[in-house]
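The structure appears below as structure tokens.
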Amino acid sequence: MLPSALKLSDSVDCLHLKSGRLEKAPLQGPSSDHLAQFIQGSATQTPYSFYHWQYIDIFVYFSHHTVTIPPVGWTNAAHRHGVCVLGTFITEWKDGERLCEAFLAGDERSYRAVADQLVLIAQFFRFDGWLINIENSLSLAAVGNVPHFLRYLTSQLHQQVPGGLVLWYDSVVSSGQLRWQDELNEQNRVFFDACDGFFTNYNWREEHLERMLGQAGERLADVYVGVDVFARGNVVGGRFDTNKSLELIRKHGFSAALFAPGWVYECLEKGDFFQNQDKFWSLLERYLPTHSICSLPFVTSFCLGMGTRRVCYGQEEAVGPWYHPSAQEIQPLFGEHRLEGDGRGWVKTHCCLEDAWNGGSSLLIRGLIPPEVGTVAVRLFSLQVPVPPKIFLSLVYKLEGPSAVGVALELSTADAGSCHVGGISALSAETSSRRSPRPLRVPPTKLAKWVGRCGQQLSGGWVQRCYEVNLRGCLLQDLFINFSRPPGSQKEENFICRLGELQVVDAHSLLTPLPQVQAVTVSHVRWQPAASEREGGPAGLQLSCTLHWAYLLPRVRCFRIHCCQGSEGGSPGSGPSELGRPRLLGLAFVNRYRIVDLAVAAAEPGQDGRVEFLVEPVPKEGFLVPRAEWGRAAMLYSMPRT
């Protein structure tokens with residue numbers, strides 16, 4: 001089960017894409033073949049996917065193993081959305097008692113050694129801290145050292161992991177007994193005082209919240225009131241009534257800890273997972289402040305990190321299920337939005353695996369424009385971005401069916417009174433701060449790659465529109481998609497629109513040339529006979545190795561790893577034969593990729609076999625890099641003489 005912690009505060013909670021604590025280099029993980037295959041994705045058909053990141057601040061990866069390390073894919077997806085990730089340290093039952101006695105009942109060297117290892121684990125795997133869950137009784141000597149352990153762990157984590165967090169779960173009390181309190185009180189306050197936050201048990205009532213107001217003092221937001229989404233025990237609300245719990249928690253100003261929101265996946269029909277997931281979070285939306293995008297460039301293809309096929313800029317490149325959480329891109333605000341008044345006009349957003357522009361999914365928008373209204377719009381993202389002098393925007397979309405509605409981007413700005421607008425038209429004569437960008441018609445020469453598809457009908461029915469915006473002294477606040485009725489139409493207009501990609505880019509960044517992939521090397525090489533050869537079939541080999549290269553990670557979405565095979569001529573001076581067409585092996589999100597059991601043809605007698613690996617950088621701005629600028633490394637091999 002995967003709990004999520006929701007910090008409910010009134011301040012703006014920003015998603016920093018390029019700076020500060022949340023600029024964590026994605027992690028590829030250990031290089032053992034078993035782990036590498038999992039870290040680099042799998043062929044899971046109906047995986048659990050979490051994509052409502054904008055509503056949460058902390059993601060706790062939980063299991064009943066003593067030390068639970070969050071999987072790399074989950075950590076990368078969370079950090080991309082500005083969400084902290086915690087692992088779990090849990091002790092339970094008699095084994096837990098013995099373990100706690102071993103490291104807590106002695107002197108400080110024992111508990112400090114455990115704390116030091118937990119900090120090192122968080123550093124190595126690049127997650128942000130720990131949920132400490134002691135669910136067994138403790139001796140007086142052991143429980144007396146728990147606050148010292150927590151205080152030392154918290155201080156060391158803060159020093160070594162910027163923005164690190166240690167949370168304590170409501171279980172043991174100061175006497176050492178295992179007695180869940182369902183609140184912060186004098187019996188467990190000593191643990192709260194020694195760390196960053198307190199996660200209550202789930203069987204609370206409003207009177208528990210009222211009593212906690214005095215205990216928490218100025219740290220109301222550090223008390224995470226537990227909500228079991230499975231609704232086990234005597235709870236206020238769970239399942240699709242979880243909003244009842246959130247309403248009371250928000251009323252008293254505390255944070256919330258949702259335990260096991262995967263209920264929608266584990267207990268309901270898998271075929272309805274996306275609808276149920278959206279329904280669950282839409283019921284909580286009014287109680288949850290959302291993250292804002294706080295820096296540029298901002299680029300997303302709405303990919304969930306999964307799909308039934310893999311698409312690259314409109315071109316299908318692989319068919320079959322895939323699941324790779326590290327490939328999940330920034331997700332929008334989901335839900336249904338109705339016009340004020342009689343509510344006849346509406347817009348609803350869904351994630352959709354049926355089609356994609358880049359990755360495995362797209363954003364599907366359905367809506368209705370009533371006869372008395374000219375346009376409807378839906379807010380997709382909240383922003384808090386100081387605007388550079390010029391920005392470029394790009395939208396890739398396509399309309400489904402016969403609809404001819406107009407599709408356009410809209411931006412809203414804060415402090416519109418002091419915001420200078422140039423080369424852009426307001427939507428109305430009112431002092432509205434929502435702007436309609438001007439289409440980019442004559443791009444500067446250096447932007448040719450980026451604008452090469454602008455205004456064009458692309459493969460698969462996709463269309464790309466590009467815009468330029470000149471603003472000075474403004475703060476971008478929201479990004480909308482606007483739908484307008486066709487000219488001359490006075491009837492009710494239904495529409496279905498699919499969004500494939502959205503970009504907001506500082507113009508200056510498009511003038512900076514892309515670096516080239518440098519220094520591609522191959523290490524940890526292992527050859528072995530193919531299984532078919534071992535069983536008496538055709539000769540063949542399997543190759544496992546690790547690729548490394550040099551590149552500035554902030555400049556790319558990911559790297560696409562390809563290989564092609566051929567042979568070297570046997571006569572002196574003869575060059576390589578024509579290599580086969582490059583085959584996509586997978587995606588990398590750091591400067592490393594592990595290849596496992598790649599099928600390679602055995603070299604012919606008197607000839608060397610050749611395998612070439614190609615590393616294709618995928619810029620955030622979404623254009624294709626010419627193959628001549630990819631990184632490459634070649635391996636020559638021959639069969640042993642008999």
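Position 1 is the first residue of the sequence, and the numbers go up from there.
Contacts of R239 classified as side chain to side chain donor-acceptor pair (under 3.5 Å), with partners at least two apart in sequence or in another chain: none. With sequence neighbours excluded, the residues that form a salt bridge (charged side-chain N to carboxylate O under 4.0 Å, His left out) with R557 are E329, E501. In this structure, H350 has no side chain to side chain donor-acceptor pair (under 3.5 Å) partners at least two apart in sequence or on a different chain. With sequence neighbours excluded, no residue forms a side-chain contact (heavy atoms from CB on, under 4.5 Å) with T308. In this view, A327 and W322, H324, L587, F589 satisfy the side-chain contact (heavy atoms from CB on, under 4.5 Å) rule, not counting sequence neighbours. Partners of S459 according to the side chain to side chain donor-acceptor pair (under 3.5 Å) rule, which considers only residues two or more places apart in sequence or in another chain, are Q315. E247 is linked by a salt bridge (charged side-chain N to carboxylate O under 4.0 Å, His left out) to nothing, counting only residues two or more places apart in sequence or in another chain. E135 pairs by the salt bridge (charged side-chain N to carboxylate O under 4.0 Å, His left out) definition with nothing, not counting sequence neighbours. When the salt bridge (charged side-chain N to carboxylate O under 4.0 Å, His left out) test is applied to K251, the partners found at least two apart in sequence or on another chain are E206. Every residue meeting the side-chain contact (heavy atoms from CB on, under 4.5 Å) condition with T375, not counting sequence neighbours, appears here in chain and number order: N482, S484.
Listed by first and then second residue, the salt bridge (Lys or Arg N to Asp or Glu O under 4.0 Å) pairs involving residues 267-279 amount to none (not counting sequence neighbours). Identified under the salt bridge (Lys or Arg N to Asp or Glu O under 4.0 Å) test for residues 397-407, with sequence neighbours left out: D355-K398, E400-R498.
Across V556 and P617, no two heavy atoms sit closer than the pair CG1-CB, 4.0 Å. Annotation for C303 and G359: closest pair SG-CA, 3.9 Å, computed over non-hydrogen atoms. Taking all atoms of both residues into account, the shortest heavy-atom contact from P325 to R80 is O-NH1, 4.5 Å.
Checked by atom type, the side-chain pair R286/N243 shows no donor-acceptor distance below 3.5 Å.
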